[in-house]
Amino acid sequence: MDSDVMTSRPSLTERLGLRHPIIQAPLAGGGDTPELVAAVGEAGGFGFIGAAYLTPPQIADAARAVKAHTGRPFGVSLFAPLRAPDVPKNPAAALARLAPYYADLGLGPPELPAPAPDGFPAQLAAALESGASAFSFTFGIVPSEAIAAVKARGMFVLGTATTVDEAIDLERAGVDAIVAQGSEAGGHRGTFAGPFEAGMIGTVALVPQIVDAVGVPVVASGGIMDGRGIAATLALGAAAVQMGTAFLTCDEAGIPPVYKDAILSAHENATQITMAFSGRPARGIANRFMTEMAAGPGDDYILPFPLQNALTRPLRTAASRQARSEYLSLWAGQGVRLARRQPAAELVARLARETKETLERLNANWTKGTVNARG
Ligand SMILES: Cc1cc2nc3c(=O)[nH]c(=O)nc-3n(C[C@H](O)[C@H](O)[C@H](O)COP(=O)(O)O)c2cc1C
C-alpha cells in the first residue's frame, strides 16, 4: 500500500506485512520478549528480536517462541561485526574503578573478561534459519555476503544510519530500507562512519535529509512516543517508525520492574549519553553509576566495547536481582515523559488511532485556515 507511486520506492508495508507503519525496535538485553514481538505483530505492527547478545540456540528458541504465539511476520536484528577491540591500555584501572560497585552488590572482585571470538557468522546462520521475514543491523555495515545471503532467503534488510553519508553507504551496500536513528534515541548509537558526536542529529533534521539522499524507504527512529510523533515523521517522508522506549513499558516487555518505573517517572531531561556500561556510547536515564563514572578519572578506566559490556554484566545482573536501579543500564530515549504502561496490543492500537486523528485534524484545520487546535 505504501509503494510510493511518485518515487517507485519498494514497498516496506507489503514486505513487512504492516497494517500500521509501526516497528517495535530490537531491544537487545531482554526487553523484547517473544510475547512482545508476537503481540506487536498480531496488532498490525512489526516486532524485532534484538539478538545481538544471544547465542545461536537462543536465537532459534526466541524465534520458535514468537512463532508459537503468532503466524505474523517478525524480524531478527544483530550488531554488525566489529574489529576486535584494542588490548586495554590499563585494565587494572578499569577493574579498580568497578571494584567498590561489585562489593556494594555483594560480588567478589571484578575480573578482566576474555575477548570473545566473533560470533556474527553463527548468529547470522541462526537468523537465516529462524523463519524471520526481516533482518536488521546497527553499528556498521554487515559483509556483502551476509546481505546477499539474507536477500536470497527473501528477507527484507534494514541498516541503521545516523548521518546522510552513512545512509548513502548503506544504500550502496544493498539494504532494502534505512533506519534513520536520531540523537533522541534510547540505547546504543548506531554511528559507524566517524565519532559518535558527529552523528548526533535530531530526528526532525535527520529524516528528511536522508529521505532526499537515498531511494530506499526510510524508517524514522528516536524520541517517537505517540501518534503525533508518527504523523510528524510520516510528514518528513518516513515510510514507518521504529520505536524502542515506548515498547519498554508494555506489560510484555522483559525489563525489570524498577527499570519500567524509572522510565515512567522520568522527565525529558533525564537521559544522557554514556560509555560507562558497555564502552560504546548509548542513551539512558542518568543514575548513580552513570554520573559517578562520568566524573573520571582520566579516560582509560572504561574498556573498549564489548569488553566493558562483559565487565559490567555481573554488576547489572546482580542489580537486576536486587532491584537496584542505580546500577542498571536504563536505556531510554528523550521522549520518556510520554511513556505509558499498557499491553502492547493497546499501545499499537492507540498509536494507529492517534496518528490517524492527528493527520485528519491537521488536514481539517489547514483547510479551515487554523494551523492546529491551539493555534
Ligand atoms: C533497551 C534498548 C535496546 C536497544 N537495542 C537495539 C538493538 O539491539 N539493535 C538496534 O538496532 N537498536 C537497538 N536499540 C535502538 C532502537 O533501535 C531505536 O533506535 C531507539 O529505541 C529509538 O529511540 P526511542 O527509544 O526514543 O524510541 C535499542 C534501544 C533500547 C532503548
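Both counts, for ligands and for their atoms, begin at 1 and track the order of listing. Note that this is a predicted model, so its numbers are computed, not measured.
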If we only count N/O pairs under 3.5 Å, is [X] in contact with ligand 1?
| X | value |
| --- | --- |
| Gln181 | yes |
| Gly50 | no |
| Ser221 | yes |
| Met225 | no |
| Gln242 | yes |

Of all the non-hydrogen atoms in the protein, which one sits nearest to [atom], and at what distance?
| atom | value |
| --- | --- |
| atom 26 (O) of ligand 1 | Gly223 N, 2.8 Å |
| atom 2 (C) of ligand 1 | Leu27 CD2, 3.7 Å |
| atom 16 (C) of ligand 1 | Ala25 CB, 3.6 Å |
| atom 7 (C) of ligand 1 | Pro26 O, 3.5 Å |
| atom 21 (O) of ligand 1 | Gly244 CA, 3.3 Å |
| atom 29 (C) of ligand 1 | Gly186 O, 3.3 Å |
| atom 8 (O) of ligand 1 | Ala28 CB, 3.1 Å |

For this session: Please indicate whether Glu111 has more than 12 foreign heavy atoms, meaning atoms of other residues, nucleotides or ligands, lying under 6.0 Å from its CD.
Result: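 For Glu111, atom CD is not crowded (no more than 12 foreign heavy atoms under 6.0 Å).
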Exercise. Without hydrogens or angle criteria, can the side chains of Thr162 and Glu166 be said to hold a donor-acceptor pair below 3.5 Å?
Worked result: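 Per modelled atom types, Thr162 and Glu166 side chains form a pair under 3.5 Å.
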Exercise. Does a donor on one side chain and an acceptor on the other come within less than 3.5 Å for Glu292 and Tyr101?
Worked result: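 The answer is yes; a qualifying pair exists.
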For this session: Quickly, which of Leu16, Leu158, Ile178, Thr160 forms a side chain to side chain contact (heavy atoms under 4.5 Å, CB included) with Val219? Name it, please.
Result: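 Of all the options given, the one that passes is Leu158.
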Exercise. With hydrophobic residues grouped by side-chain heavy-atom distances under 4.5 Å, do Val157 and Leu78 end up in a single group?
Worked result: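 Yes, one cluster joins them.
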Problem set entry | Within 45° cone and under 6.0 Å: Arg97 NZ/CZ vs Tyr301 ring |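 Yes, Arg97 sits over the ring of Tyr301.
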Exercise. Can the ring centres of Phe48 and Phe46 be said to be less than 6.0 Å apart?
Worked result: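 For Phe48 and Phe46, the ring centres are under 6.0 Å apart.
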Exercise. Does the ring centre of Phe120 sit less than 6.0 Å away from the ring centre of Phe79?
Worked result: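 Ring centroids of Phe79 and Phe120 are no less than 6.0 Å from each other.
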Those atoms of ligand 1 less than 4.0 Å from some heavy atom in [X]:
| X | answer |
| --- | --- |
| Trp331 | 1 (C), 31 (C) |
| Thr138 | 9 (N), 10 (C), 11 (O) |
| Gly333 | 26 (O) |
| Met243 | 27 (O) |

Exercise. Does the side chain of Thr355 come within less than 4.5 Å of Pro21's, by heavy atoms?
Worked result: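 No - every pair of side-chain heavy atoms lies 4.5 Å or more apart.
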For this session: Report yes if some heavy atom in the side chain of Leu82 is under 4.5 Å from a heavy atom in the side chain of Arg280; otherwise report no.
Result: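 In short, these two side chains touch, coming nearer than 4.5 Å.
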Exercise. Does Arg337 pair with Glu268 as a salt bridge, N-O distance under 4.0 Å?
Worked result: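 Here Arg337 pairs with Glu268 in a salt bridge, since their nearest N and O are under 4.0 Å apart.
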Exercise. Strictly under 4.0 Å, does any heavy atom of Gly335 approach an atom of ligand 1?
Worked result: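 For ligand 1, residue contact (heavy atoms, under 4.0 Å) with Gly335 is absent.
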Exercise. Strictly under 4.0 Å, does any heavy atom of Phe79 approach an atom of ligand 1?
Worked result: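 The answer is yes, since Phe79 has a heavy atom less than 4.0 Å from ligand 1.
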Exercise. Atom 25 (O) of ligand 1: which of Thr245, Val241, Ile224 has the nearest heavy atom?
Worked result: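 That would be Thr245.
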For this session: Please work out whether any backbone atom (N, CA, C, O) or any side-chain heavy atom from C-beta onward of Tyr259 is under 4.0 Å from ligand 1, and answer side chain, backbone, both or neither.
Result: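 Only the side chain of Tyr259 comes within reach of ligand 1.
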For this session: Would you mind telling me if ligand 1 is within reach of the side chain of Ala52, the backbone, both or neither, using heavy atoms under 4.0 Å?
Result: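 Neither part.
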For this session: I would like to know whether Met293 and Thr274 meet side chain to side chain contact (heavy atoms under 4.5 Å, CB included); could you show each step before the answer?
Result: CA-CA 9 Å; Met293 290 292 280; Thr274 183; 5.7 Å; no
For this session: Classify the ring geometry between Phe277 and Trp331 as parallel (under 30°), tilted (30 to 60°) or perpendicular (over 60°).
Result: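 Perpendicular.
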